[in-house]
There are 2 protein chains.
Amino acid sequence: MAAPSMKDVAARAGVSLGTVSNVLNRPDMVAERTRKRVVDAIAELGFVRNESARQLRGGTSRTLAYVVLDARNPFFTDVAAGAQQVADAAGLALYLCDGGEDRARQAMYLDLLEQQRVEGILITPVDADDPRIAALAGRGTPVVVVDRGAGPDRCSVSVDDVLGGDLAVSHLLDAGHRRIAFVGGPRSIGQVADRITGAQQALARADAEPLTVLETQRLDVAEGRRAGERLAGLPTSRRPTAAFCANDMLALGLLQQAVRLGLRVPEDLAIVGYDDIEFAAAAAVPLTSVAQPRQLLGRTAAELMLAEARHAMGHVHEQRVFEPELVVRDSTRLRPLGGVA
Amino acid sequence: MAAPSMKDVAARAGVSLGTVSNVLNRPDMVAERTRKRVVDAIAELGFVRNESARQLRGGTSRTLAYVVLDARNPFFTDVAAGAQQVADAAGLALYLCDGGEDRARQAMYLDLLEQQRVEGILITPVDADDPRIAALAGRGTPVVVVDRGAGPDRCSVSVDDVLGGDLAVSHLLDAGHRRIAFVGGPRSIGQVADRITGAQQALARADAEPLTVLETQRLDVAEGRRAGERLAGLPTSRRPTAAFCANDMLALGLLQQAVRLGLRVPEDLAIVGYDDIEFAAAAAVPLTSVAQPRQLLGRTAAELMLAEARHAMGHVHEQRVFEPELVVRDSTRLRPLGGVA
DNA sequence: AGCCCACTTTGGAACGTTTCACAACGGCCC
DNA sequence: GGGCCGTTGTGAAACGTTCCAAAGTGGGCT
């Protein structure tokens, strides 16, 4: 009843354990007749290699993982798709682990993955300074931080979020907005903090009111709706005329709720999102957004990880930084009125 | 340089191997002083448990996996979130594996997961009849098929896709449509086939033209756009007045492209999607869609899997079927004209 | 002083592989 | 007919844990 092992296969085929191993690992150094007998025995018994034992002996796992900030955000699954391409090509399996914006769960995954001796870990951390990450790397597991810059003792791939925030808000300023809100949080997430910094930097160059920050608990659609309610509730005189959201999930929620509560977008409220996920272009009002090279991010991250895993010694950590790009759509564009077809 | 093992810890703490094991697994049966010494040694050496060895000895992996049809489809990440809840509660780790609508990749993951002796596998298969799935289950790995019905020798959770297709098309028929297209594919995917069946079943009850099937290669936004082009290219006299899409990704792509090419939705083309993903409600024209209880699906799947894993013997396979629900929004609703604000 | 007991600690077997040095077996050539 | 070789197959060690039976320690009681 217990799962058959190589020993059982050997017994059944009337050969030694070593021979079974040879059939599995160096099939052409065993005579055709024996090979056949062993292969048959394997099939008859339904033998399945025990990866734990292999790994224990051999030391390597052919597996890598991407610990994602939130698997329900399409931005991250797009990044993951990029990493998957590289993993496929290298013959590695990629596991996606959903951190769910939850420190504890992320920590749990990191511990487990290290214990499992994966080849390497890509991670978009809840908290980039989590000492666990440094510890992991220190003990020899290749770690690449994704979508956040890292210090010189780690590889990272990121997009300049300060620049992104600046681009977004500069665009709004150019369009004449002077009272601008930022929607996003918690601030402890690095991307959020950087995007705020960028926004403020743009504001500082202009003659505008200071940034109103609507801090959220999470970066999802529901929180965006909640922000929409908060904004719509303000008296017109105090309501920001534009909102810059920390990501597209928030922006879509905000957009949806704003429209539902009777605000016109962009006339009453202009909206800029971040990430330019596929759904941004298809939104009620197509969403202006700061685009990041998602797949490239994922591919690069996986490549850096592989490089580190292969070279082990003498590996030089790289911090790749890409540039974001503003994609302007209707959510910030004043159109001639009544323009349906 | 090699990763330190329990043996190293034991040496450093001046105790035996067994004691280190006790500290790790039954801390309160070792004296406080010794425990402290061992804990310190662990910290000093940066010892990390080797999960392979543990598993080899102990036999169990505390891990489960969900092999998803396509991780970029928010429907599946929502299902996964449901499964994650249950996994968290049970103290298991959940790995997401992206099948990418690719048979070979899915097969690769199944093999690997079995070799890894995961506690169980949830899977939304590219091909529900893949013999590999039966084989897996036959050898004792608990398998739950998600979003597809299964035979009596397997657990499954699904939503009645035939009914869903019927609901969607009945709704269109009620709205007066007589020339209806189905967008989706490939047909080898069970959900697609069932939804077509449902659609045809509704049509058979009405006096309408047979279903025009626009078969796609994949179920993503890009293919939806392509379908939009195809539809818009048809002469008005032959163009369907309504499209039922196999999922919301397709529907959103179709919607986007149709609007871009000057078709009004729903006046020139009504659209019904499937899954009611979060972005459907936020679309350019809020999307009518067939909703499935996504999280519930995931939770139930994980629970069935756990039940099977725990009971091993005497487990009775269950096939849970849920009912879909039509959510009507603007993409099929003829409104009074000019209805802004 | 001698016993018993409870509490700690120890040593070694076992889990299922891979790897490696070496044995067995023909066959060939001189 | 003996020595050699190449081809196949074998056996045992090792990987890092967990678990268990058994040994060691000391204190309290008689």
Side-chain angles (χ1 to χ4, degrees), chain A residues 1-39 41-42 45-63 111-112 114-118 139-141, chain B residues 1-39 41-42 45-63 111-112 114-118 139-141:
Chain A
M1 197 65 252
S5 70
M6 283 175 46
K7 192 150 63 171
D8 302 315
V9 173
R12 171 135 196 163
V15 299
S16 78
L17 236 188
T19 300
V20 176
S21 173
N22 284 336
V23 169
L24 257 23
N25 301 306
R26 315 180 197 56
D28 31 41
M29 78 169 285
V30 13
E32 183 53 22
R33 278 198 43 216
T34 357
R35 205 187 62 76
K36 176 86 167 52
R37 278 221 314 288
V38 171
V39 169
I42 288 179
L45 292 173
F47 163 77
V48 175
R49 256 164 141 152
N50 182 322
E51 179 67 22
S52 297
R54 287 189 86 185
Q55 201 171 308
L56 176 57
R57 183 73 232 277
T60 187
S61 75
R62 310 260 73 198
T63 267
D111 287 347
L112 180 62
E114 185 179 18
Q115 290 173 193
Q116 230 136 247
R117 305 290 194 267
V118 294
R139 285 185 225 107
T141 303
Chain B
M1 198 61 255
S5 71
M6 283 176 44
K7 192 148 64 173
D8 302 316
V9 173
R12 171 128 193 173
V15 298
S16 79
L17 232 191
T19 300
V20 177
S21 173
N22 284 336
V23 169
L24 257 24
N25 300 305
R26 312 177 200 56
D28 31 41
M29 76 170 286
V30 9
E32 183 52 24
R33 277 197 45 217
T34 350
R35 207 187 60 77
K36 176 89 167 52
R37 278 222 311 288
V38 171
V39 169
I42 288 179
L45 292 173
F47 163 75
V48 174
R49 256 166 144 149
N50 182 322
E51 179 66 23
S52 297
R54 288 189 85 186
Q55 200 170 309
L56 176 58
R57 183 71 231 277
T60 185
S61 74
R62 313 262 68 201
T63 269
D111 287 347
L112 180 61
E114 186 180 15
Q115 290 173 193
Q116 230 138 243
R117 304 287 194 269
V118 293
R139 285 183 225 108
T141 304

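Every chain is numbered from 1, with letters handed out A, B, ... down the list of sequences.
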Rounded interatomic separation in angstrom, taking [atom1] from [X] and [atom2] from [N]:
X      : N      : atom1 : atom2 : answer
A:Q116 : D:dC15 : CD    : P     : 21 Å
A:M6   : D:dT10 : CE    : P     : 12 Å
A:Q55  : C:dG16 : CD    : P     : 16 Å
A:D28  : D:dG9  : CG    : P     : 13 Å
B:M29  : C:dT8  : CE    : P     : 8 Å
B:R54  : C:dA14 : CZ    : P     : 22 Å
A:R35  : D:dT7  : CZ    : P     : 18 Å
B:D8   : D:dC15 : CG    : C1'   : 13 Å

If you look at every strand shown and take non-hydrogen atoms under 4.0 Å, does [X] touch a base, only sugar-phosphate, or nothing?
X     : result
A:N25 : sugar-phosphate
B:L24 : nothing
A:T34 : sugar-phosphate
B:S5  : sugar-phosphate

query = Short question: side chain of B:R35, backbone of B:V30 - any donor-acceptor pair under 3.5 Å?
reply =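 Checked: no pair found.
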query = Counting only N and O atoms by type, is there a donor-acceptor contact under 3.5 Å from the side chain of B:T141 to the main-chain atoms of B:E114?
reply =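 Side chain of B:T141 to backbone of B:E114, a donor-acceptor pair under 3.5 Å: no, none is there.
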Nearest to side-chain heavy atoms of [X], which nucleotide of [options]:
X     : options               : value
A:A31 : C:dT17, C:dT9, D:dT8  : D:dT8
B:L17 : D:dT17, D:dC19, D:dG9 : D:dT17
A:S16 : C:dT8, D:dT17, D:dG11 : D:dG11

ask   = Hey, which of these two, B:G58 or B:E32, hits DNA chain C nearer its 5' end, going by closest nucleotide?
value =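 Upstream on the strand: B:E32.
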query = Of B:V15 and A:L56, whose nearest nucleotide on DNA chain C comes first from the 5' end?
reply =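 That would be B:V15.
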message = Does any part of the side chain of B:T63, heavy atoms only, come nearer than 4.5 Å to the side chain of B:Q116, both counted from C-beta?
response =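 Side-chain contact under 4.5 Å: no.
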key: Note, A:N25 side chain near A:R54 side chain (heavy atom, < 4.5 Å)   =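 They are in contact (side-chain heavy atoms under 4.5 Å apart), so the answer is yes.
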At under 4.0 Å, does any side-chain N or O of [X] touch on OP1 or OP2 of [N]?
X      : N      : result
A:R33  : D:dT8  : no
A:T19  : D:dT10 : yes
A:R117 : D:dG16 : no

ask   = Looking at CZ of A:R49 and CG of B:L112, how far apart are the two atoms once the value is rounded to the nearest 0.5 Å?
value =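 Those atoms lie 11.5 Å apart.
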